[in-house]
Amino acid sequence: MEDLFGHGPGNDDDDDGPVAVDRAPSSAGAKQRSPLAVRMRPRTLDEVVGQQHLLGQGSPLRQLAAGADAAGPAGPTSLILWGPPGTGKTTLAHVIARGPGRKFVELSAITAGVKDVRRVMDDALTARDLYKTTTVLFLDEIHRFNKAQQDALLPGVENRWVVLVAATTENPSFSVVSPLLSRSLLLTLKPLTDADIEGLLQRAVVDARGLGGKVELDDEALAHLVRLSGGDARRALTALEAAAGVAFGDADDAGEGAVQVALKHTERALDVAAVRYDRAGDQHYDVASAFIKSVRGSDVDAALHYLARMLEAGEDPRFVARRIVISAAEDVGMADPTALQTAVAAAQAVQLIGMPEGRIVLAEAVVHLATAPKSNAAYMGLNKAVADVRAGLGNGIPAHLRDAHYPGSKQLGHGLGYKYAHDAPHGVATQQYPPDDLVGKDYYQPTGNGAERDIAVRLERLRKIVRGK
């Protein structure tokens, strides 16, 4: 499961059946053997990192975590939690299960079948009727359940035998059956921000459940861990624990006191060098500039290097996609009109699938643009036209081109003599289109590169017909 803080002690990932989680405290030794991400799992909603848009006072999550009395006369509502890995889906389920009179059962859609679901429903009905206990069923990766398996959940959800908390990383509108969606509350979890991850790491350093103040994390190491986390809290805590282990290894002969976790420890632990890149400073603009100039200069290898450098440093892929779209129009232009289509499709795909897969799409777009013939003729043509407009040229509009649809327009001569282009041979009529002072002015000067070679020939014929030469 791609949850926020991994599986707690006592869970058996290899069990094919449902797992009932024992929430009794484990021994101190067992806690220390648990991964840092498990030890730092929030116990209350107030300890949850991020997702503040779902955790306001009186929100459904608050009511559900508070217990049956707070859920109102209708009873607790089942939830579908949709969000990227590491944003807290499993954590929220565990917090909800801590409410009074709750029993927590976990199923994985990877291993569970219809028989497992029905067994949980039968047990939940018994627990409710005999012991007044509400069963919270956490179903991981519900998008992997087929229609029959999801339909098996419906009686329990509809009759509130269980409170279903289902987690998915895929859009529920496409992966969850409509009857189940209509009986559940869909909550969308947002990726954790850098500030969320930074706060979580700092808390883990000092918290008694975490590293208990035995280490100190310097600023460069902290920034490196935040960058590499990709908004995944579990990944960030796992990386911190590995870096602390390296630092302790280096400090075997050192005296007492907190061990310093430096950038070199995070680099060795994660086998990833820190990328010198400040998303708010010069490096951001310098690398982006080098990237665009490499695409413009048709150096595909340099362009891919700077793309990798930005993405590895945690640059927002949407920023990269926007730069690619601009380059497609400005630098490739009409020499390869399909470049803009590729760039726009890449930007939309990055929004749809996110990272890390989005880097594949960006790479394809970069290769297309860098290897395409180049022309800025359309862009330069617009600049010339803008310069003339700012200089006061282009006075008026020819009367035959003016709007002739409103009453009285024809008396003003609007539309008189206008030639409908589709009535002319080849759909091109001889006619004046620009204002009088711009007749014969050529703004667009196509190059001989790529598709513009053919456009240049066609444009010469079009201008001769339109201008009557």
Are Asp151 and Val177 close enough, and set up right, to give a side chain to side chain contact (heavy atoms under 4.5 Å, CB included), and what steps lead you there? CA-CA 8 Å; Asp151 286 344; Val177 296; 4.0 Å; yes
Before you tell me yes or no, could you show the steps for Thr169 and His143 under side chain to side chain contact (heavy atoms under 4.5 Å, CB included), namely the whole-Å CA-CA distance, both residues' side-chain angles and the distance that decides it to 0.1 Å? CA-CA 8 Å; Thr169 56; His143 56 271; 3.7 Å; yes
Between Leu192 and Gln51, does a side chain to side chain contact (heavy atoms under 4.5 Å, CB included) hold up when you go through it step by step? CA-CA 8 Å; Leu192 300 182; Gln51 315 310 334; 3.8 Å; yes
As a quick check of understanding, evaluate side chain to side chain contact (heavy atoms under 4.5 Å, CB included) for Leu186 and Val176, giving each step before the final call. CA-CA 11 Å; Leu186 175 61; Val176 179; over 6 Å; no
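Residues Val261 and Val205 have side chains not in contact (no heavy-atom distance under 4.5 Å, counting atoms from C-beta outward). Counting heavy atoms from C-beta on, the side chains of Val162 and Val105 never come closer than 4.5 Å. Counting heavy atoms from C-beta on, the side chains of Glu241 and Pro35 come closer than 4.5 Å. Counting heavy atoms from C-beta on, the side chains of Val295 and Arg323 never come closer than 4.5 Å. A heavy-atom distance below 4.5 Å is found between the side chains of Val325 and Leu340. With a 4.5 Å cut-off on side-chain heavy atoms, Leu187 and Ile80 do not count as touching.
The closest donor-acceptor contact from the side chain of Asn159 to the backbone of Pro155 lies under 3.5 Å. Side chain of Arg39 to backbone of Ser34: a donor-acceptor contact under 3.5 angstrom is found. Judged purely by atom type and a 3.5 angstrom limit, Glu452 uses its side chain to pair as donor or acceptor with the backbone of Thr447. Distance alone, capped at 3.5 Å, places no donor-acceptor pair between the Lys384 side chain and the Tyr444 backbone. Listed for the Asp123 side chain is no donor-acceptor partner under 3.5 Å among the backbone atoms of Val120. Between the Gln52 side chain and the Gly50 main chain, a donor and an acceptor come within less than 3.5 Å of each other. Not a single donor-acceptor pair under 3.5 Å links the side chain of Glu220 to the backbone N or O of Leu263. Judged by distance alone, the side chain of Gln63 and the main-chain N or O of Pro60 form no donor-acceptor pair under 3.5 Å. No donor-acceptor distance shorter than 3.5 angstrom exists from the side chain of Lys374 to the backbone of Gly450, with no hydrogens or angles considered. Put simply, the side chain of Glu47 gets close to the backbone of Arg43: a donor and an acceptor are under 3.5 Å apart.
Under 3.5 Å, the side chains of Thr44 and Asp46 contain no donor-acceptor pair of N or O atoms. With no hydrogens or angles considered, a side-chain donor-acceptor pair links Asp196 and Thr193 at under 3.5 Å.
A distance of 9.0 Å separates OG1 in Thr134 from CZ in Arg128, rounded to the nearest 0.5 Å. Here the straight-line distance linking atom CG of Asp218 with atom NE2 of His265 works out to 9.0 Å at 0.5 Å rounding. Interatomic distance, Leu153 CG to Leu107 CG, rounded to the nearest 0.5 Å: 8.5 Å. We find the CG-CD distance between Leu164 and Gln150 to be 10.0 Å, quoted to the nearest 0.5 Å. In this structure, OG1 on Thr135 lies 9.5 Å from CG on Leu125, to the nearest 0.5 angstrom. The CG atom of Leu211 lies 12.0 Å from the CD atom of Glu216; values are rounded to the nearest 0.5 Å.
Of the charged side-chain nitrogens involved, none lies within less than 4.0 Å of a carboxylate oxygen, so that Asp122 and Arg119 do not count as a salt-bridged pair.
Closest heavy-atom contact between Asp116 and Thr111: OD2-O, 4.2 Å. Closest approach of Ala93 and Phe104 over heavy atoms only: O-CE1, 3.8 Å. Minimum heavy-atom separation, Trp161 to Ala124: O-CB, 3.4 Å. Looking at every heavy atom in both residues, Ala372 comes nearest to Val332 through CB-CG1, 3.9 Å. Here the closest heavy-atom approach between residue Ser294 and residue Ala303 is recorded as CB-N, 3.7 Å.
Each side chain to side chain donor-acceptor pair (under 3.5 Å) pair with one or both residues in residues 175-191, not counting sequence neighbours, appears once here: Glu158-Arg183.
Among Thr238, Leu237, Thr266, the one residue that satisfies the side-chain contact (heavy atoms from CB on, under 4.5 Å) test with Leu225 is Thr266.
For CG of Asp219, the number of neighbouring non-hydrogen atoms (other residues, nucleotides, ligands) closer than 6.0 Å is 12 at most. Sparse packing is recorded around CD of Glu364, with 12 or fewer heavy atoms of other residues, nucleotides or ligands lying under 6.0 Å away.
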